[in-house]
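We use all heavy atoms of the structure for the numbers below, so side chains are in, but hydrogens, waters and symmetry mates are not.
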Protein chains: 2
Amino acid sequence: MKGLPPFAQHFILHWGEMGARWGINRTVAQIQALLFISETPLNAEEICERLGVARSNVSNSLKELQNWGIAKVVHLPGDRRDHFESIRDVHELFRVIAAERKRREIDPTLVRLRACAKEAGATDDPADAYAKEQLESLLGFFELVSEFYEKMNRLPTKSAVHAIRMGDKIAKSIVSLVK
Amino acid sequence: MKGLPPFAQHFILHWGEMGARWGINRTVAQIQALLFISETPLNAEEICERLGVARSNVSNSLKELQNWGIAKVVHLPGDRRDHFESIRDVHELFRVIAAERKRREIDPTLVRLRACAKEAGATDDPADAYAKEQLESLLGFFELVSEFYEKMNRLPTKSAVHAIRMGDKIAKSIVSLVK
DNA sequence: TCTTTATTTCTGTAACGACAGAAATAAATG
DNA sequence: CATTTATTTCTGTCGTTACAGAAATAAAGA
């Protein structure tokens, strides 16, 4: 890792580690971290030498980041090489990540659970009643999560942050309403 | 997969798949799914034959589920074998999962980001100003997420569900307040 | 204490993903 | 159109993880 201040190195390394736990390739996460804290867009070669990874690896990882919608190509005047930059706003970044994770993880599960619940509805063997019931509550939960996501996503960032900050007070008032 | 109705098989297989995307071992996820829809606790042998996996695999996976706090051992009268059951309530289940994921993924990142931000604070090279600033907003975001988690977690399930259901209306009123 | 039964740990194998380096392709400039 | 430069795709290697089967350990009952 050349030409990076220590704190940046530590950050990038940790981000790579955490990415791995999130099911995201270490190099992909490192590049994202690097671009995120980089004021100017970087070209592939620069990314290579700063992180000390192979050119091909960078190429594939950048493509992955673009698939996620996290990084994009920009061109600098008088330079024919592709340059890359990350989404710069933190909230926007996690909005995109959340959307993508929902699309990849929640949505397919919702589809499958609905199909399974339908299948389960057809059988009336009392031995399966419990399984059926559990499946349905699971489906209900995923519907709720999905609904929650949609609502939060429609909010402008500022309001969402406020909603979170005031969350406990709001929730408490709901508790008393429900009672 | 023996002795399971088709819908249960489909559910278990899908859950295993999704587990893999979440960084959870496929067998672990399958066992969890099986236990979740099983009315009675199952012993290791039963899990083996229903899922068609090796005994040792089941043993390790069950230990993993216990580490997560998702499954526990129970003993049936007149049977010395260990039997296992999953948390049965969906909301409780995801509360536990959320807590564990926070502990493994958010908390360490928070610690690291704080350390990096402190490190960054020490340097006053203007070349690093942008990186420093980005790091700080990232930290701010993780603080916010953590705070949100704490608040939601303190709510009883019923209130949390209500809060989500009414989320958009609440949010809209906040928006007008903020204006 | 010996035997049976339950459970865990160990060991080897197979499958998969990450990644470097090479080769191939595509784009740009003279 | 040839040459340089940028980028992607291909190929092989290395390391990791999942997992089955075997061996070892532990617990219970005869």
Side-chain angles (χ1 to χ4, degrees), chain A residues 1-2 12-13 15-35 40-68 71-85 104, chain B residues 1-2 12-13 15-35 40-68 71-85 104:
Chain A
M1 285 208 182
K2 289 171 68 179
I12 291 169
L13 289 172
W15 207 245
E17 283 302 313
M18 290 315 296
R21 284 203 201 175
W22 272 60
I24 290 159
N25 180 293
R26 205 181 66 236
T27 310
V28 173
Q30 285 185 354
I31 293 178
Q32 200 280 314
L34 174 61
L35 292 179
T40 56
L42 302 177
N43 66 51
E45 207 58 53
E46 287 169 323
I47 296 173
C48 275
E49 56 190 39
R50 297 222 186 155
L51 298 181
V53 295
R55 191 49 236 279
S56 56
N57 198 1
V58 169
S59 176
N60 291 325
S61 301
L62 282 170
K63 200 186 274 177
E64 178 74 5
L65 281 174
Q66 284 170 281
N67 287 340
W68 273 82
K72 64 173 186 188
V73 182
V74 293
H75 282 103
L76 303 183
D79 193 334
R80 46 195 263 239
R81 290 170 301 180
D82 288 353
H83 286 68
F84 301 88
E85 67 175 5
R104 297 185 188 196
Chain B
M1 282 206 183
K2 289 172 66 177
I12 291 169
L13 289 173
W15 207 244
E17 283 303 312
M18 290 313 297
R21 284 202 202 176
W22 272 58
I24 289 159
N25 180 290
R26 204 182 66 236
T27 310
V28 173
Q30 286 184 353
I31 293 178
Q32 201 279 315
L34 175 62
L35 292 178
T40 57
L42 303 176
N43 65 52
E45 206 58 52
E46 288 169 322
I47 296 172
C48 276
E49 56 189 41
R50 298 224 186 153
L51 297 182
V53 295
R55 190 50 236 277
S56 55
N57 198 0
V58 169
S59 176
N60 291 325
S61 300
L62 282 169
K63 201 186 274 177
E64 179 73 6
L65 281 174
Q66 284 171 281
N67 286 342
W68 273 82
K72 63 174 186 186
V73 183
V74 294
H75 282 102
L76 303 181
D79 192 334
R80 44 194 265 241
R81 291 170 300 180
D82 288 353
H83 286 68
F84 301 86
E85 66 174 8
R104 297 185 189 196

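Contact annotation: the side chain of B/M1 approaches that of B/L13 to within less than 4.5 Å [non-hydrogen atoms, C-beta and beyond]. At least one side-chain heavy atom of A/F84 sits under 4.5 Å from a side-chain heavy atom of A/V73. Side-chain contact between A/L62 and A/I47 is present, with at least one heavy-atom pair separated by less than 4.5 Å. In this structure, B/R50 and B/L42 have side chains that are in contact, with non-hydrogen atoms separated by less than 4.5 Å. Looking at B/Q32 and B/I24, their side chains never come closer than 4.5 Å, going by heavy atoms from C-beta outward.
Nucleotide C/dA27 holds its C1' atom 11 Å from the NE2 atom of A/H75, rounded to whole Å.
Read 5' to 3', the first and last nucleotides of DNA chain D with an atom closer than 4.0 Å to a heavy atom of chain B are D/dA18 to D/dA28.
The end-to-end axis angle of the helix from C/dT1-D/dA30 to C/dG30-D/dC1, rounded to 10 degrees and based on five pairs per end, is 10°.
With rounding to the nearest 0.5 Å, the separation of CD in A/Q30 from CG in A/L35 is 12.0 Å.
Proximity note for A/N25 (side chain, C-beta onward) versus C/dA18, C/dA27, C/dT5: the nearest is C/dA18.
Only B/R55, B/S56, B/S59, B/N60, B/K63, listed by number, bring a heavy atom of residues 47-65 of chain B to less than 4.0 angstrom from any atom of DNA chain C.
Applying the salt bridge (Lys or Arg N to Asp or Glu O under 4.0 Å) rule to A/R21 yields no partners; only residues at least two apart in sequence or on another chain are considered. With sequence neighbours left out, A/E49 forms a side chain to side chain donor-acceptor pair (under 3.5 Å) with no residue at all.
Applying the salt bridge (charged side-chain N to carboxylate O under 4.0 Å, His left out) test to pairs two or more places apart or on separate chains, those with a residue in residues 74-83 of chain B are B/D79-B/R81.
In this structure, A/R81 reaches the sugar-phosphate backbone alone: every heavy-atom distance under 4.0 Å involves primed, P, OP1 or OP2 atoms, never a base.
The two residues B/E85 and B/P41 make their nearest non-hydrogen contact at OE1-CG, 3.8 Å.
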